[in-house]
Amino acid sequence: MSNRYAVILAAGQGTRMKSKLYKVLHPVCGKPMVQHVVDQVKTLQIEEMVTIIGHGAEKVQAQLGESSFYALQESQLGTAHAVMQAAPMLEGKEGVTIVVCGDTPLIKSETMEALFQHHEELKAKATILTARIEDPTGYGRIIRNQDGLVEKIVEHKDATEEERKINEINTGTYCFDNAALFAALKNVSNDNVQGEYYLPDVIEILKKQGEVVSAFQTNDLDETLGVNDRVALAEAEKIMRKRINEIHMRNGVTIIDPDHTYIETEVEIGQDTIVYPGTILKGKTIIGMDCHIGPNSEIVSCQIGNETVVRQSAAHNSSVGARVNIGPFAHIRPDSAIADDVKIGNFVEIKKAVFGEGSKASHLSYIGDAEIGSNVNLGCGSITVNYDGKNKFLTKIEDDVFIGCNSNLVAPVTVGKGAYVAAGSTITKDVPEAALSIARAHQVNKENYVEKLNVKK
Ligand code: UD1
Ligand code: CA
């Protein structure tokens, strides 16, 4: 095997996306397109990877980090001009260079490996990854001669009516003999409809020099999708979603309706967990075994223990233990830590709150900036009054406390271990351990008073 190099093209603006965000940074299942490409290329034993950056250079570089070297393409004069920017790093090296577009997020490392091998076996100077697709509109077409050998690539905009009928397209991924590539790039002109230096023109140049030029056709049409607009972005998302869901299902996760389950690339899910429709799992979410997640739940960067149930709820940047029951209609806001066997019931919002083992907030509560011990019962309508309009304060509720329904806990305040707060209390002072605290107006009943009121009934 010869030395391998890679060039990733990621300098374009992506005008057709009509977006503030640079095209290659648009996420597909939560991961920027160019990161998908780089992650696949990384597995190919590449000596040196150079990413061509231009529009949004800093952001693209910040996204990809140290996994690549970078070359700046100051003005975007075309894909050949883009590759030329890697010359200071790659020109003169012996080996094979793969060029991949940063806007083909579905390309797989296996396919690129097969492309490398095909290229190396044929001792070709250039090998194009091609595909036959139903609607080739917009793609470069592969022009073959009578013997079926590749002659050149013609861009859609430059193609004749006849050429446009060809449905074998350039996927935008190629292997080149590195030295031949950089030599040929010098001969590419911009004499075409778009006035750009086209990388595909290298094919014709090498062919005319009598070099071996080849095509390797992939049957996985999905992989060839180049994302130029939001319609293609949605298509890419759909295909990637299917791939991700299938990996989880093969690993022993039940997904009731994979077409309506949205799982980002980094999510992990344990065996025998069931994911119900309308569920969105994002970020670095890790879900344990035997959980029931959904329907209609959004979980972002949370760790969830085994046998936990989350129904119709949202949870962000928090940890949740085992056998926890959340929802329906609960909201777990960031920095919450929920221990095992907790219940967070319907219409309960928690924020930056710690819940000890076995504690319950079963209905209609707001618990924010709070440390709740274990085996605490927060009655229906319990509220931590954490904010005075300027600052946030902590509520501490120690183990085995019982908070009666509709109580306000005005922070900063501590309710001591085993204490009991009567329903309807507004607690403004600390409650000692094991005390009963009642903080509400006394009830007065005036016997037979109603008739004196002289009100109509
Ligand atoms: C390109 C190919 C076309 C192929 C298609 C596959 C050319 C001329 N055409 O067309 O044959 O069928 O991909 O998807 O190469 N870029 C730069 N600098 C530039 C121009 C582009 O870095 O000056 C980058 C873009 O960011 C993008 C990639 O190169 O990631 C491809 O550019 P794009 O403009 O999308 O090319 P297509 O028109 O799709
Ligand atoms: Ca493209």
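Order of listing sets the numbers, starting from 1, for every ligand and every atom in it. Residues: numbered from 1 along the sequence shown.
- Comment: D369 does not engage K392 in a salt bridge, judged by the lack of any side-chain N to carboxylate O separation of less than 4.0 angstrom.
- Which parts of ligand 1 touch C101 is read off a 4.0 Å heavy-atom cut-off, strictly below it: atoms 28 (C), 31 (C).
- Of the listed options L225, L9, I169, L9 places a heavy atom closest to atom 30 (O) of ligand 1.
- Using a cutoff of 4.0 Å between basic side-chain nitrogens and carboxylate oxygens, R333 and E349 are scored as salt-bridged.
- At a threshold of 4.5 Å between non-hydrogen side-chain atoms, the residues L378 and I397 count as touching.
- Considering backbone and side-chain N/O of E155, one or more are found under 3.5 Å from N/O of ligand 1.
- The closest protein non-hydrogen atom to atom 25 (C) of ligand 1 is G12 N, 3.8 Å.
- Contact check for Q73 versus H81: side-chain heavy atoms found under the 4.5 Å cut-off.
- Comparing T79, D158, T224 against atom 15 (O) of ligand 1, the shortest heavy-atom distance belongs to T79.
- Looking at ligand 1, you'll find an N or O of A11 within less than 3.5 Å of one of its N or O atoms.
- Distance alone, capped at 3.5 Å, is enough to place a donor-acceptor pair between the S297 side chain and the S313 backbone.
- For R4 (side chain) and S2 (main-chain N/O), no donor-acceptor pair under 3.5 Å exists by modelled atom type.
- When the heavy-atom distances from atom 34 (O) of ligand 1 to Q13, Q76, R16, E196 are ranked, the shortest goes to R16.
- Shown in contact with G102 at under 4.0 Å from a heavy atom are these atoms of ligand 1, numbered in order with element: 30 (O).
- Electrostatic pairing of K165 and E161 does not count as a salt bridge here, judged by no charged N lying under 4.0 Å from a carboxylate O.
- Panel note: side chain T224, backbone D222; no donor-acceptor pair is recorded below 3.5 Å.
- Those atoms of ligand 1 with a heavy atom of G140 less than 4.0 angstrom away are 3 (C), 4 (C), 11 (O), 12 (O).
- Distances from atom 36 (O) of ligand 1 to the protein include no heavy-atom value under 4.0 Å.
- For K157, the closest heavy-atom approach to ligand 1 does not fall below 4.0 Å.
- Residue contacts with ligand 1, taken as heavy atom pairs separated by less than 4.0 Å, involve Q73 solely via side-chain atoms from C-beta onward.
- Residue pairs meeting the salt bridge (Lys or Arg N to Asp or Glu O under 4.0 Å) criterion with at least one partner in residues 168-184, sequence neighbours excluded, are R132-E168, R144-E168.
- Under a 3.5 Å cut-off, the side chain of Y70 and the backbone N or O of A57 do not form any donor-acceptor pair.
- Contacts with ligand 1 closer than 4.0 Å are made by side-chain heavy atoms of K23 only, the backbone lying farther away.
- Between E91 and K186, at least one side-chain nitrogen of the basic residue sits less than 4.0 Å from a carboxylate oxygen of the acidic one, meeting the salt-bridge criterion.
- The residue H156 has no part lying near ligand 1, judged by heavy-atom distances below 4.0 Å.
- A salt bridge does not link R243 to E223: none of the charged side-chain nitrogens sits closer than 4.0 Å to a carboxylate oxygen.
- Within a 4.0 Å radius of atom 1 (C) of ligand 1, the protein contributes no heavy atom.
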Anything under 3.5 Å between a donor and an acceptor, one on a side chain of residues 277-289, the other on a protein residue two or more places apart or in another chain? List them.
unit_1: T279; atom_1: OG1; unit_2: Y276; atom_2: O; d: 2.7
unit_1: K284; atom_1: NZ; unit_2: E266; atom_2: OE1; d: 2.5
unit_1: T285; atom_1: OG1; unit_2: K282; atom_2: O; d: 2.6
unit_1: T285; atom_1: OG1; unit_2: S301; atom_2: N; d: 2.8
unit_1: T285; atom_1: OG1; unit_2: C302; atom_2: N; d: 3.3

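- Without hydrogens or angle criteria, E163 side chain to T160 main chain gives a donor-acceptor distance under 3.5 Å.
- At under 3.5 Å, not a single nitrogen or oxygen of Y174, backbone or side chain, sits near a nitrogen or oxygen of ligand 1.
- Shown here are the ring pair (Phe, Tyr, Trp, His ring centres under 6.0 Å) partners of H118, two or more places apart in sequence or in another chain: F216.
- A side-chain donor-acceptor contact under 3.5 Å links D135 to the backbone of T137.
- Among protein heavy atoms, atom 12 (O) of ligand 1 sits closest to N170 O, 2.6 Å.
- Ligand 1 lies less than 4.0 angstrom from a heavy atom belonging to T171.
- For the pair V24 and ligand 1, the shortest N or O to N or O distance does not fall below 3.5 Å.
- Proximity of A82 to ligand 1, defined as any heavy-atom pair under 4.0 Å, is confined to the side chain (atoms from C-beta onward).
- Of all protein N, O or S atoms, those under 3.0 Å from the Ca ion (ligand 2) number 2.
- Considering backbone and side-chain N/O of G78, one or more are found under 3.5 Å from N/O of ligand 1.
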